[in-house]
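Keep in mind that this is a model prediction, so the values were computed, not measured. Read the numbers this way: they start at 1 and go in the same order the structure lists the ligands and their atoms. This chain uses plain numbering: 1 for the first residue, then up along the sequence.
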Amino acid sequence: MSGILYLVPTPIGNLGDISRRAAETLAAVDFIAAEDTRVSVKLLNHLDVKKPLVSYHEHNQRESGPKIVERLLAGESCALVTDAGSPAISDPGEGLVRLCAEAGVPVCAIPGPCAAITALSVSGLPTGRFAFEGFLPAQKKERRQRLEALAGEERTMIFYEAPHHLRQTLADLASAFGGARKISLCRELTKLHEEIARMTLAEAVSHYAETEPRGEYVLIVAGAEERTEPVSLEDGVARTRALMESGLRVKDAAKQAAEETGIPKNKLYAAVISEE
Ligand code: SAM
């Protein structure tokens, strides 16, 4: 009979957040697959758990994944851990779960720390419907396309971001959604310097023009307002012009403004061109 793959969440900062069940599982399995064995050894030492470790990360998952599944099929049990938080959520694991599902190996997810859900719950923004977006694409073109596709998203959105990309990402979000949109910047969650800053995107851009971003961030961005009254052509043209000022070509600006306002893009395009 095959063993079980356990997805074991680990603390996102505060070691006290490891659950009893997570610790018991790490102590009970035959081996542990870790994103970075050096990081996980620290947690295992803290828990006084000694287990054989194998490495499973973004760059070796093609070779490592099938080997782990082979051991599971032979009857061993395995716990998958990443550097912090829930495995498979913007972390290695998705591929291993798929391999297990295909091979008929049972997978058991243990609930626990996840930066996205921790941030959403404390954000002060609507939590009833949300869209997890993880990291935005790094490539300019894909990033712009993703943001364009999100322009009319009415659900609260969750983004992960590294500190050295924060300024650029705030600027991109402000140009895609408008400076008045609300954002909660959730920094260093569960750590000594935890900070929840609630403001508009325009305020966030100017705040971080003067303050060096430090630590880890989850960005919770309010969804687009539900449209109750039709937007006037005049306002649609003004929005198109604002997007052009932020660097979009007229065609792309009209397309995005059309998604946001519901006015056909050809109408916006024609109105802007006729005013030139
Ligand atoms: N799987 C993890 C989870 O469940 O939270 C997320 C891993 S992802 C590679 C790492 C990103 O999560 C960071 O860049 C940051 O956006 C967010 N993050 C992780 N820990 C955080 C913390 N303590 N405070 C704020 N954001 C955090």
A.B. asks: Could you tell me, atom by atom, which parts of ligand 1 come under 4.0 Å of a heavy atom of E161?
C.D. replies: 14 (O), 16 (O)
A.B. asks: Do other residues, nucleotides or ligands put more than 12 heavy atoms under 6.0 Å from the CD atom of E212?
C.D. replies: yes
A.B. asks: Is the CD atom of E234 crowded by more than 12 outside heavy atoms at less than 6.0 Å?
C.D. replies: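 Not more than 12 within 6.0 Å, no.
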A.B. asks: By number and element, which atoms of ligand 1 are closer than 4.0 Å to a non-hydrogen atom of D91?
C.D. replies: 1 (N), 2 (C), 7 (C), 9 (C)
A.B. asks: If you measure every N/O of P87 against every N/O of ligand 1, is any gap under 3.5 Å?
C.D. replies: no
A.B. asks: Do S86 and ligand 1 have an N or O pair less than 3.5 Å apart?
C.D. replies: yes
A.B. asks: Check S77 against Y6 and note the closest heavy-atom contact, atom names and distance.
C.D. replies: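 Nearest pair, atom of S77 first, then Y6: CB-CE1, 4.4 Å.
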A.B. asks: Report the nearest protein non-hydrogen atom to atom 10 (C) of ligand 1: residue, atom name, distance rounded to 0.1 Å.
C.D. replies: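 Residue, atom and distance for the closest contact: F135 CZ, 4.0 Å.
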A.B. asks: Would you please determine whether V218 falls within less than 4.0 Å of ligand 1 on a heavy-atom basis?
C.D. replies: yes
A.B. asks: Between C186 and ligand 1, which residue portion shows a heavy-atom distance shorter than 4.0 Å: side chain, backbone, both, or neither?
C.D. replies: backbone
A.B. asks: Determine whether any heavy atom of F159 lies closer than 4.0 Å to an atom of ligand 1.
C.D. replies: no
A.B. asks: I need the single residue from V69, L96, V29 that forms a side chain to side chain contact (heavy atoms under 4.5 Å, CB included) with L5. Which is it?
C.D. replies: L96
A.B. asks: For the pair K255 and E148, find out whether any cationic side-chain nitrogen is under 4.0 Å from an anionic carboxylate oxygen.
C.D. replies: yes
A.B. asks: Is the closest N or O pair between I12 and ligand 1 shorter than 3.5 Å?
C.D. replies: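 By distance alone, the answer is yes.
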A.B. asks: If you measure from each non-hydrogen atom of A84 to ligand 1, which part falls under 4.0 Å: side chain, backbone, both or neither?
C.D. replies: backbone
A.B. asks: Does G13, backbone or side chain, put an N or O under 3.5 Å from an N or O of ligand 1?
C.D. replies: no
A.B. asks: Crowded around F130 CZ? As in, over 12 foreign heavy atoms under 6.0 Å?
C.D. replies: no
A.B. asks: Using a 4.0 Å cutoff against the non-hydrogen atoms of I89, which atoms of ligand 1 qualify?
C.D. replies: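 Here the atoms of ligand 1 in question are 1 (N), 2 (C), 6 (C), 7 (C).
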A.B. asks: Taking 4.0 angstrom as the limit and counting only heavy atoms of K191, give me the atoms of ligand 1 inside it, by number and element.
C.D. replies: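 Those of ligand 1 that fall under 4.0 Å from K191 are 23 (N).
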A.B. asks: Taking atom CD of E94 as the centre, report whether more than 12 heavy atoms of other residues, nucleotides or ligands fall under 6.0 Å from it.
C.D. replies: no
A.B. asks: Which residue supplies the protein heavy atom nearest to atom 20 (N) of ligand 1, what is that atom called, and how far is it?
C.D. replies: E216 OE1, 3.4 Å
A.B. asks: Under 4.0 Å from any heavy atom of C114, which atoms of ligand 1 are there?
C.D. replies: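 This gives 4 (O), 5 (O) as the contact atoms.
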A.B. asks: Nearest protein heavy-atom contact for atom 18 (N) of ligand 1: which residue, which atom, what distance?
C.D. replies: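 In this structure, atom 18 (N) of ligand 1 has A115 CB, 3.5 Å as its nearest protein heavy atom.
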A.B. asks: Rounded at 0.5 Å granularity, tell me how far CG in N14 sits from OG1 in T190.
C.D. replies: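 If I round to the nearest 0.5 Å, the distance is 5.0 Å.
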A.B. asks: Check whether Y217 and F132 end up in the same hydrophobic cluster, where Ile, Leu, Val, Met, Phe, Trp and Tyr are linked by side-chain heavy atoms less than 4.5 Å apart.
C.D. replies: no
A.B. asks: Could you see which bit of Y217 sits under 4.0 Å from ligand 1, with heavy atoms only: side chain, backbone, both or neither?
C.D. replies: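 The answer is the backbone.
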A.B. asks: Check ligand 1 against S90 and write out every atom of the ligand that is under 4.0 Å from a heavy-atom position of the residue.
C.D. replies: 7 (C), 8 (S), 9 (C)
A.B. asks: Do Y56 and T82 make a side-chain contact, defined as non-hydrogen atoms from C-beta onward lying under 4.5 Å apart?
C.D. replies: no
A.B. asks: What protein heavy atom is closest to atom 22 (C) of ligand 1, reported as residue, atom name and distance in Å?
C.D. replies: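 Residue, atom and distance for the closest contact: L189 N, 3.6 Å.
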A.B. asks: Does CD belonging to E63 count more than 12 external heavy atoms closer than 6.0 Å?
C.D. replies: yes
A.B. asks: Just wondering, are more than 12 heavy atoms of other shown residues or ligands nearer than 6.0 Å to NZ in K191?
C.D. replies: yes
